Every structure is written in C-alpha cells, then in structure tokens.
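Below is one structure, written out as structure tokens, with a few remarks after it.
Every chain is numbered from 1 and lettered A, B, ... according to where its sequence line falls, protein lines coming before strand lines. No hydrogens, no waters, no symmetry mates; every other heavy atom, side chains included, goes into these values. Since this is a predicted model, take the numbers as computed values, not measurements.
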Amino acid sequence: MQAQEIFDKLKEKFNDDILELKADAPSDPIILINGAELFNIAQFMRDKEELDFDYLVDLISLDLGDNLGAIYIFYSMKHKHRIALKAIVPKDNPILPTLENLWRTADWLEREAWDLMGIKFEGHHNLIRILNPYDWEGHPLRKDYVTPEFYHGMKVPY
Amino acid sequence: MLNYFKNMWLGVYTVLVGLRLTLIHLFSRNVTVQYPDERYPIPPNARNRLYLDPELCDACLRCAKACPVNCISIESLRAVPGLTPPLKNGDKRNLWVTHYEIDFAKCCFCGLCTEPCPTNAINTTTEFEYSTTKREDLIYTFVKMSDEEKKEKEEQLAIYQAEQKKKKAAEAEAKAKAEAEAKTKAVNETKNDN
Amino acid sequence: MGLLNRLNEPFEGGGIVLGTVEDILNWGRAKSDWYLQFGLACCAIEFMAVNAPHFDFMRFGTIPRTSPRQADFIIISGTVTLKMAERIKRLYEQMSEPKYVISMGSCSNCGGPYWEHGYHVLKGVDRIIPVDVYVPGCPPRPEALEEGMILLQKKIRHEAIFNKRKRIAEEDKKLGLNIK
Amino acid sequence: MIGLNEYLVVSALLFCLGLYAIITRKNAILVLMGLELVLNSANINFIAFSKFGGLNIHGQVAAIFVIILAAAEAAVALAIILNIYQNFKHVNVDEIDKMRD
Amino acid sequence: MEQNFVNMLIENPWIAALIIVVIPLVFVVIYALIAILGELKIASFVQERLGPMRTGWKGTMQPVAEVVKLLQKEDITPDAADKPLFNLAPFLMFAAAFAGFAVIPFSPYFLPAGIELGLFYVFAIGSLGVIGLVMGGWASNNKYSLLGAMRSVAQIVSYEIPAAIAILSIATLSGSLNLNVISDNQSGWFWNWYIFGGPGPWWKILVIPFTLGLGLIYLISTLAETNRTPFDIPEGESEIVAGYHTEYSGMKFAMFFFAEYANMFIVAAILMLLFFGGWNSPFGDFLNQWWMQPVWFILKAFFWVFLTIWLRWTLPRLRVDQLMYMSWKVLLPWGFVCFFAVSLFVMLK
Amino acid sequence: MDYLIPIIFYGFAAMILISAAVVVFSKKIIYAAFALLFTFFGVAGFYVLLNADFLAITQIMIYIGGILVLIIFGVMLTTKITGVDIKEGVTSKIQKGFALLAITIIGITLLILYSNVKWVTKEFPEIKSTIIPIGNVLLTDYILAFEVASVLLLIAIVGAALIARRK
Amino acid sequence: MGEKRKIELDYSQLDSERMRLNVGPQHPSTHGVLRLEVELDGEIVTDVIPHVGYLHRCFEKHCEKMEYPMVTPYIDRLDYISSMNNEWPFIMGVEQMMGIKVPEKVEYLRVIVSELNRIANHQIAIATFGLDAGAFTPLLWLFRDREMILAILEKLSGGRLLYNYFRVGGMAADIYPTFKEDVLAAISQVRKTNPEILNLLLLNKIFIDRTASVGILPADVAINYGCTGPMLRGSGVPYDLRRTEPYSIYDRFDFEVQIGKGEVGTVGDCWDRNIVRYREIEQSCNIIEQAINQMPMEGDVKEAFPKKVRPPKGEIYCKAENPKGELGFYIVSDGKNNPERVKCRSTSFVNLSVLPEISKGYMFADLIMILGSIDIVLGEVDR
C-alpha cells in the first residue's frame, strides 16, 4: 500500500489527529500526528486488516530545538509496506503514550529514548535508563547537554 | 523404547565421528606463524602506524581536518618564498611545519588522513611493533623545529613581511599613482576628445 | 603472597645466590602467564584471533583462566566505559599478586576515537589501574599484541623481587594515580 | 597395651556426646548428627568385643547391619527434614508441632 | 610374591616406609607435569596450533615454569570466606587423592600397602575427596563456587554407582579384591585381559560383549568422576566461572590442580588394572621383565590420559539433567545387565 | 613396634572425641557437619586397629561418602545459600544444665560399669582378611537379616524419594 | 534521577528458596560485557533481567559532531565483527539522499565484501556458540578459516577487522590483481571445512541434546519483539531484506533464504538458529561465486565520488541485511556537512530484548545456550 493510501485511511479514522503527510524526495514518507493520540492510531494500524503493521522497526528520538520529536517506523510482514509516524512533544513536558503493550520491542526502544533524549512514555512498566548507568544525570543526546566533570570520582573529559 | 536405543546409538556414533575428525587433525600440518621469528604476510597497504615525510609536508592541515579523532596536531609558520627550499617533489613550499605530532594512543587507524593529502606526505606503514610501557611514548613528533630555528624563521618572516609590506605599500603607492595618472590621462583624453 | 612475603626484606644487590634465585623466579613468572579470559569490545575479537591457530598466543605460555584469582595478567581489550570502570577495578583488585596489566588498543590507552566527545567513556584505563604495557592500534594486529606480550615478559624478567617494597613505592610515585 | 577397656571408654564418651547433642540441639540436622555419633559409639563396642570379647566375626556382621540401618535412617530422616523445611521454612524440632497446614 | 622391592633393599623399616611413601609422591608430581604439558600440546595439535613453544626446548619446560610461578603467587583468602575450611579443603582433597596411591601396584614388586581389599579401599577413599570439594566450594562464599561444588558432588556420587557395578563385576570375575592378584590373573597375552573376558575356556567369547560394555561403562564413569569433558559441568567455564576453585589462587589452587591430576591417574590405573592387564605386557612374555612392568603400567595409564584429552577437545558439554539421565537411565541398567551376564558366566565356569 | 599402637590409638581417640565435641558444641552447623568427617575417620581408624579392615573401609564409604554427603546437602538445602552464618536456636540454660547432668550420670555409670565388669576375653584369630568370613557368615547364618536389610534399604530409598518429592 | 528498579516478587507462591545470580559483566560466555541478573529456582531460570550499556560509547553523539565521511570509522566499531555490512546502509542512505548512482563494479564489489564478511561473522557466531556448549576445537578451526577472509579484506582495504572501506559514491581502493583467485580459494576452503564443523559440532548428539527444543521462539513472538535475521528466520519466517526488498543488485543473484525447519526439535529453537547461520554460509558462498564471475574487472571504483559530501535537507531510513538482521540508519540532514542526527536501529539490541521472554523455564545452562544463539555483539547493543 502506498503512503498516500495509508494516510487517507488514517485520516478517515482520526481526522484531526493526523496532521499531514510529508513525502517529498529524497526523504521517506512521514505522517505527522498528534502525539496524544499515538496509542490509538498505532493500535488501529496494527489491528486493521488492510494495514496490519505487525513489526515496529524502530523508534527515533529527535531534538528539534524547542521540541522533541519521536519517529516510529512500522512495517507489515504481510503486505510488505512501510510507513513512519512522527509525533512532536514540547521539550519541557515531553510525554508520549507507550506502545509497549502493542509491540514488545517498544519496551527497550522507549527506555533508550528516555535514557538518551528524555522523552517520557506514560504507562511504561519500567521506564529506567538502559545504556547509561542508573544514576546518570541528564539526557546526553539533547543539544544542550553538558558533559559532567566527574562520575563516581572518575574524571570524564580528557 | 526405540528412541532410547536410537539415541544411544547416535550418541556413540557421533562421538566416534568427532573423534575421527580430531584424530585426523591431530596429525595434520599446523598453520601457526611463529611471530617473532616468522612473519605473517602483511599487505603493503595495511593501515598501521602513520608516517610523515617532513620533506613533503606543506602544513596544509587537510589531514588534521579529515581526522575524525583529532589526533594530529600541526603548527606552522609562513615560509619566505625566495629563501625557502621547495618540497621534495619540487612543489613550492608555502608553510614551514614547526611542529607535527600524532598521538597514536588516540589514532583509530582509519586512513582517512592519507586520502586528502596533496603530496602523499602522510602515509600508512606496515610497522606495528611499537608497544611501550609509557603512554607518552606513543605520541610521535615527526617535525619539531628547535627554538632557534623557529626564531630564525620568524625573523626571516618578519623581515620578509616588512619588506613585503614596504613593497606592497610601494606597489600600492605606485598603483595609486598610476591610477591617478591614468585618471588624469583619461580626463585629459576626454578633454582632448571634446 | 606465599614465598614472596617472606622474602620481602629489602636487600640491596642481593648477592649471587639471591640473584640466581631471583632469576629463576622471574623466569617462572615470565614464562607462565595466565590471563583472565575477558574481553570488552572490538579488540576482544582480535584478542580471540591471537588465540587462533595462525598466531597461537599459547606459544608464550599463556593460558586462559576464567577466575581472576588465578590470573597473572589482564588484557584490557577495548573501550572502558564509566559503567564498566568500577568492575574492572574490582577485577583487578581480586587478582592475586604479582599481577600485570596490558592495555590493548587505543580505547584503553586513552579513550581512543572516543576521547573527545565520549561522555560515557573512560579516557584511558590507567586512570583506574596501573598499566604495564600499552599496545597501540585500533584494534592492534594480533602480532602487535604478541609483541606487547614479549615486552611484558622482558619487563618481568628484569623485575626486582627482593626489593619489592621499594619498587612498588617508586611505581606509585611514577604513576601518581589515585581515584578517590 | 591397649585393651578392651580403652575402646569402651572412648565409645562411652562418644555416646554421651551424641546423646547430649540429641537432647540439647534444636536443629533437626544436628539431632541427626548426634544420632550418628551414638550409632558409631555402638559400633566401636561391637568391633571391640569382636576383637577382644570373643564375639568374633559376628560382631563385625552386627556392625555392618548397624551401618546399613544408619544409611537408611539418614536417607529417610533427611527426606523428612527437607519436607519439613519446605513446609515450615525452618527445621527447628521444638517448633514443628503441626501435623498439617 | 614379595610386595616391595624397597623392603628388600633397605633394612631399616622406617626409611623403607618413607621411601615407599615418597616414590608415589614424586611420581604424581612428575606425572602431573607431563600430563599438563600433554594436555596443552595435544589440544594445540588438534587445533592445528603449536602450543607452548618458547619455554625450554619446544616448550617442554612450560609446566615447570608454571609450578615456579604458582609458588610465588599470592595466597588470597577472601574476606568473606570461611578461613579454616577454606584453608583446609585443598589439603584434604590432595590427601584423599594421594591416599589412593597406597594400593596401586606399579609392578608386582612395588605395592605400598598390600591390603587385601585394595579395590574397595580405592573406591572408598575417593569419596573423601568429595568432602574436600564441597568444603572448598562452601568456604569460598561464592555462588559460583557453591554451585560448582554441589554439581560436582551430585555428579561424582551418582557416577560412583555405575563404576561400582563395573568394579564389582570384575571382582566377581577374578574372585579377589587385591589389585595385585587381579593384575596377576591377567598375565599372558592380551586376550587374557578382563576386557576380553579374562583367562578362560574358548566359550568365554560369549561374555566378551559384556566385559567390553563394562569397560565402556567404567570409562564413562571415570570421566564423570574426574570432571572431564563431556562431564566437566562443575568447571564449565561458560556457565559457572571456574567451579569450586574459583576463589583459590597460588599454592592452594596448585594443590587442587595436583589432586585432580592424581585422581585422574588413580582412575586410569584402576581401569588398567581391572580391564587391561595392569602391569602385564600385552604380548605374553615379550618385554615382560620386572623392569618393563611398571613401564607398561604407566604407558597404559597414559593412554587413558591421552584418551580423555582427545575426548575433551572433541566433545561439547552435557547439561546437568542429561548427565543424570546418562548415569541412571543408561549406564546403570546396562551395568546391571552386564553384571548378571558376568555372574552367570562365573557360575557356569 | 609395640609403642606404635598406643600412640596411634590415642591419636585416633583424640581425633574422635575432639571432633565429636565440635559437632556437639559448635555454633555453625556447617562446622559440625565437617567435624563429623573426622569423627567418622577416627572410628574407621579404630576399626583398622581392631582388625576389621572391611568394616573400616565400609565405614569410610558409607558414612563419609554417603551419609556425610547427604547431611551436608541437607545443611545446604535447609539454610540460606550463602552469606548467612547458620546459627541455630539455643536451648535455655536450665534445659542445658539438666541435659548435662543426665549425660554426666549416664557417662559415669557407663565408665564405672566398664571398669568393674570382668569381660570374657578371647582374642580374635589372626586372618589375612575378614571379607571371606564375613561373606560366608552373611549368606549362611544371617541370610534372613541380610535379605531384610536389602528390603529395608529399598524401602528407605523409595520412601525418601517419596517424602522429599515436591508437591 | 537515579531510578532503581523495584523488584517485586511474591515469595508466598514459591516452594523453595530462589537464588539471584549475577552473570557478568565479566563472564566468559556473555559475549562481551553484558550483565544478566538471573533468578534461579534450583537450576531453573525463573527470570532474567539483562543490564546493557557497559559498552555505551556514545555513537550517536559522535555522529552529530562528525562530517559524513568521518562517521564510517565509528560505524565500523558498532558491530565490529561485520563492519563491511555495517557501513553499507549508512553509505547507501547518504547516496540516496544525494542521488548518486554508483558504478556497476562498485555494486559487485560491495556485494562480495559484504558476503565475505557475512561468512566471517557467521563463523564467529557458530564458533562462540560452540564454545558456550564447551566445544573449544570448532572455535579455533573456524578462526583459522576466517583468517583467509580477513586476509582478502585486509589486502583490499588495509584493515584487518575494521575496514573503513565504503565511501560515498564508491570504494576506498580498487581491487588488487589476484583478487578473484583469492576469493575463490577462500570459498573453496570454507566449503571444504564446513562439513567438518557440521560433523564435529552441529550434528553431534550431545550438541543436539543441548540445543534442540531449547529457547523456542515462535514466529509471532519473534515479529512482535522485532527480531530479524537468523533469529527470525530460525523461527520459520523467510524475512530477508536481500530477498523481500532487494537493495543494490541482490535481485540478480540466485540464492535461497534459509529458514528453520525444526529438524531435530521444535521450529525456532537454538539449533535451528544455528543451522540457519550454517546454511547461510553456504548461500553466501554461492552469491560470491556468482558475483565474482559477473563482476566487471575494469573500471574505476572512485569515479562517482562527489566533490563534497553534503546531502540536501531531509530525513531517510536506510536499511540492509546485516548478518545479524536488519540494520538501519535513520539519517536526518539539514544540509550541512554534519548530520543533524543519526539513529542506528541496531539488530543486536532488538534481538537481545527477547532474551527474558524465551529463556524462562529453562535451566541455567540453557540460558547460556540461548544467549549464545542470539549472536549479539555488545558494541552494537550499547552503541
């Protein structure tokens, strides 16, 4: 199924929450959505027969300056089509619903996004750091991140 | 029950097959290259320690810029055109390298620095035996100009620059003069034309 | 430490007998090195390749041990992250004297490619444990590690056993490392 | 010269120690150990009498039966102790007073 | 048959006893060194490598260097460990392993202690080592050690039973528990060995399959009892770091090491004495002089050591439940079958 | 070598009694279990002194290789695996006192008994190994007891397995 | 911050004492510095909590600071066993953004080096898996064969393990004269020793007993967890990017996608995952053989090099079939020399997350086997 058809299908169901389809080359087609409705949209995409996105490929977190972004890439093993969803959340209150209950792989991906970018996923059963130590401070991939001087008595910068 | 006997037979049989294989290998030729006495063949393009030919380096900083790790540090001084011997390959030397240092403790041996070099001054070598007991020994200084030399070069440069300045000023003056002359000439010509 | 404790008196010179004994003891330690089977990152793969038939690390008398108590030296083969650093320190402390450290590859020498922006990388394993031999390379060729091993064996062969206390003090001063 | 009495004295002391363990100890496994001590002291007597007291080979056979008994008893006792531990999370003989949950 | 040539040579019983004790000790040390080197070298050759090459001629001095090194290593007693037990365990284990040598006849003229129940004694003293093992594992206060020790004990205890049945069958066949007598019974050509039914009439070929089976059962059991691959679960590096001796270093670790190798030699010796004619030459009277007999014996034992090393570098490792399955459901029933067949043969003979 | 036997005897006696005392009085149950090893070993030594070689080896095999291993496993399975000292509940002082009193009375009675009774002494005949007479006796005079013992062992195995099995 | 995981366990439900065992980060069989918190009931695993991040080397932070050509050395160090395969998706993504069409020869060369590296990777995977099972000899035999492949790749690129060979628009160096003979020799060596490994390790009864019906991963669970590569194919799903969405020139080659069939146990067990790897080595040999015969030997591998690597504004997700599964890079460019953001969809990270799910209820020794069968590389997990 082409990106435009998927967009139309979604638009039909959640008209206001689907914002726009960006498909200008060379970029991949991306559907901008309202972050608050992410869970329902994703559930629809997974369970709807024609869409049948059974495989969450990746979750990408972005620092867009004032906002944080999250891009979800979905793939359907059956129909062999792929689409990306993009949700934008404000930096001071970055909250998205968790998709952990739909795709189990989202568990670790969301923990990673929280660890590195600081996007909070509401409803995640165990949202703790995954790559950095559990007592690490800050979210390193944000543009305004400052490397700490010391960690447990070890000097960090060269 | 049949399965029990089958499993037992399989167990014995596959063990015997394995034992046969290992026995064959026990008497087959070994492939070890005894390193300090024998050498494993290293291709000539292998990326090991970097080598800089100071006679070829023009301190263009392209290697330092291409380095993802920033392990190359270069200091340079402008060369005096007339007094400076050319590079080994005959090109004109624009800059003196006063300090060229590669920290092999940082280097990631990716070879990216050798690609942009216009004169092939920096190269990978097949030399890999330089382990040390002190980390400072891994910082290799390829060019280090002594202070006197540097001073001399600086003085030369200062003289040259002063000269250049003078020359430039003179030139500028001459130019201005010429221009003024040309202008007046032009004015005159227009006048004449009129 | 077994025999060494009793011979810990600082003899200067040591005489012929002690010298010979020292030679034999050093010979034993240099020729029989058990290393801790322990890998961190990319270098660990080359480290495995060193054990492979073509290079055969065992020629130097090195045998892998899984327990740090029985290991003589440890090869820090790869990037040491801050999360891992405390573990490595503890592993090193668990090893029994005399113990040696080979730092293999750029990452453990000084952070390597990650020295500049790596917020989670320890810039050199010598910030937490004393290193005896630095092997450069990223990752070093297997032969380079073997060369480092030869260097370490040379170092052990010339070590002073009977004025050990003095040696340790000197080494501490030289390295000047102390975290916390 | 070591005669019968010396062995009997050692055996008696061992018996007393074992008995003391059985009485005072609360841990079921320690009680079992005390029991083993008592059985061993009995065995010493058997063998000593077989050597000096004319019991001859029959004393040794009796000792063999004692050992068989001890083995069987230890196996069953430890099985019971494990079962108790699973139910009560301890093996304190004084506090095991329920027959069923 | 005179049991000890040392007693003939030396008048003083004390010195003679001392020498008789020292000979196996020296032997164990030398043997362990050779076995260590053999293990390294055979492993290397199987894997198309060279093994230790830079210590002495072609690396032959490697085990010596290791002993010199282990002598100087620091003896760590971990803080959390139970010190008395921790220090006692290696000695107990070595003592148990060494005690087994008391009844091993290296030749008809050298048997340290000529007790009638030699076979039974070796078998019993082996269980003493088990206690040392579990002691070490417990005292280390390390989960890996404890797991390793408990696995070891469970393994050794359960494989003792098939081994016992195999031993019992041979005892039935030979009618003696004295190892020297058993060995003596098999004199002559190699078809007199008990693995080929022992000396007997021509129809002993009927019993050969069963004695061969018993030999195999005993071989597998000994592999398990000495914790060798494929039964090296107690020391399985990939699961529990180094088994019960994880926390040991220096000389104490060396004691464990030597005990292990001594144990290996004892089981090899028992296998050779029971099934492969002990100190007899395989070729009748050919090279069966008094000075060749210990050589034959040691050579045969070394063949077993070679076999275990060969197996080690061939096979992967079993899992714990598969190990138990093998002992209780494969070896034990077949052991019984063979035992009954052998008993029947003895009755008919 | 007449002086050797008493030395060995007293050595073994000391070993038995000291390690038995450790079994009885030690605070740590695991020490008690390991001390039992030496008690059993000492008793086996006594058997050797008393010409019962078969018994001695049986003692080592069954008690040390079997029962002691079982006990140690029991200790490990019924206590926290690592890290915790296994101390057991202490009985009250009065109880202990009474026990001590009773034990002392029994012990003294036994000792008096032993020293006063004149035992019939008859030396054991010198034989090379006891295994043949034991085997003969077991399968003739004691055949019933022998069979009963085998049945008992079977029942013990089955019973133990049944009891210890997890529900 | 300092979140700590609360471990809530209902001890009233338990029959016996549970033991918590900490496996790693220094453990011989965690394939690096993975730490597993294992809860054991006797020998049975009741829970596994993987703790990763002991090799977190801040890859994504570095990408933001580097120019595009400088990123490749860091990508090499992600999955350091198969760095040729790693570089491909990133370079392909940049090329797609810039609209570069690479020459025919380069495409073939890329296929050949990637497949060679895939063989090397699978050899290590099988070797270390054998080591987990206690078999040491196959490890060294496989390393011996791998050395031939490394020699070829070293002659091509100059690096033994981390190649840095792919460039935007081409390759760093052209092939050397005896390239074709070397590759064919390496393939024949691999084909010769492969049956030995099969007989010595994979078909050994003990090994089959250890791996068959252990760690069964059903297909739907695998897809839900996002597993790819041999993990997914071992469960019987023929998902291989080289076939499902052929990139580069993979549609020209004739090869079979291998799936687990449950020959000795259940579909999706450890043995299936390994036999898939084993058979993929053979398939890779086929691909290389076809590629090396079709490859144009003349031509310049550097002819499509752009003057300056500066992709236009945009974002792209580019993926390729890594030996371990689908490796993707999400590249966000804002038209500068540096990428704005690079996110790596690392295969091992996603594959590892399935470990707690498939290892519960097996024995502790099986957990090690299951972990080995996932074939993780910690450099890629932690980035």
* To do: Can you see which heavy atom on C/Pro139 is nearest to which on G/Leu162, and at what distance?
  => CD-CD1, 3.5 Å
* Asked: Checking C/Leu36 against chain G: side chain, backbone, both or neither under 4.5 Å from a heavy atom?
  -> side chain
* **chain C contact via G/Ile81 - which portion, at a heavy-atom distance below 4.5 Å** => side chain
* Asked: With a 4.5 angstrom heavy-atom cut-off, which part of G/Met148 approaches chain C: side chain, backbone, both or neither?
  -> neither
* **Which of G/Glu64, G/Arg77, G/Glu154, G/Arg146 touches chain C most, by non-hydrogen pairs under 4.5 Å** => G/Arg77
* Looking only at heavy atoms, which two atoms of C/Val121 and G/Cys58 are closest? And how far apart? -> CG2-SG, 4.4 Å
* To do: Take atom CZ of G/Arg191 as the centre, draw a 6.0 Å sphere, and report whether it contains more than 12 heavy atoms from other residues, nucleotides or ligands.
  => yes
* Asked: At what distance, to the nearest 0.5 angstrom, does CD1 of C/Ile45 lie from CZ of G/Phe143?
  -> 6.0 Å
* Asked: How many angstroms lie between atom CG of G/Leu150 and atom CD of C/Glu46, to the nearest 0.5 angstrom?
  -> 7.0 Å
* Looking at G/His62, G/Lys65, G/Lys61, which makes the most heavy-atom pairs under 4.5 Å with chain C? -> G/His62
* Asked: In Å, rounded to the nearest 0.5 Å, how long is the span from CG of G/Leu378 to SG of C/Cys42?
  -> 11.0 Å
* To do: Give the minimum heavy-atom separation between C/Ala52 and G/Leu140, together with the two atoms involved.
  => CA-CD2, 3.6 Å
* Can you list the steps and then say if G/His56 with C/Tyr114 is a ring pair (Phe, Tyr, Trp, His ring centres under 6.0 Å)? -> CA-CA 11 Å; G/His56 177 46; C/Tyr114 305 96; 10.0 Å; no
* Asked: Are C/His120 and G/Arg57 side-chain neighbours, meaning at least one heavy-atom pair lies under 4.5 Å?
  -> no
* **Toward chain C, the part of G/Thr128 with a non-hydrogen atom under 4.5 Å** => side chain
* To do: Mind checking the NE2-SG spacing from C/His117 to G/Cys63? Nearest 0.5 Å is all I need.
  => 11.0 Å
* Asked: Can you tell me how far CG of G/Leu142 sits from CE of C/Met48, rounded to the nearest 0.5 angstrom?
  -> 10.5 Å
* Could you tell me which of C/Cys138, C/Gly78, C/Gly39, C/Ala85 has the largest number of non-hydrogen atom pairs under 4.5 Å with chain G? => C/Cys138
* Structure fact -> Rounding to 0.5 Å, atoms CD1 (C/Ile88) and OH (G/Tyr54) come to a distance of 11.5 Å
* To do: Pick one of side chain, backbone, both or neither for C/Ala41, based on which atoms fall under 4.5 Å of a heavy atom in chain G.
  => both
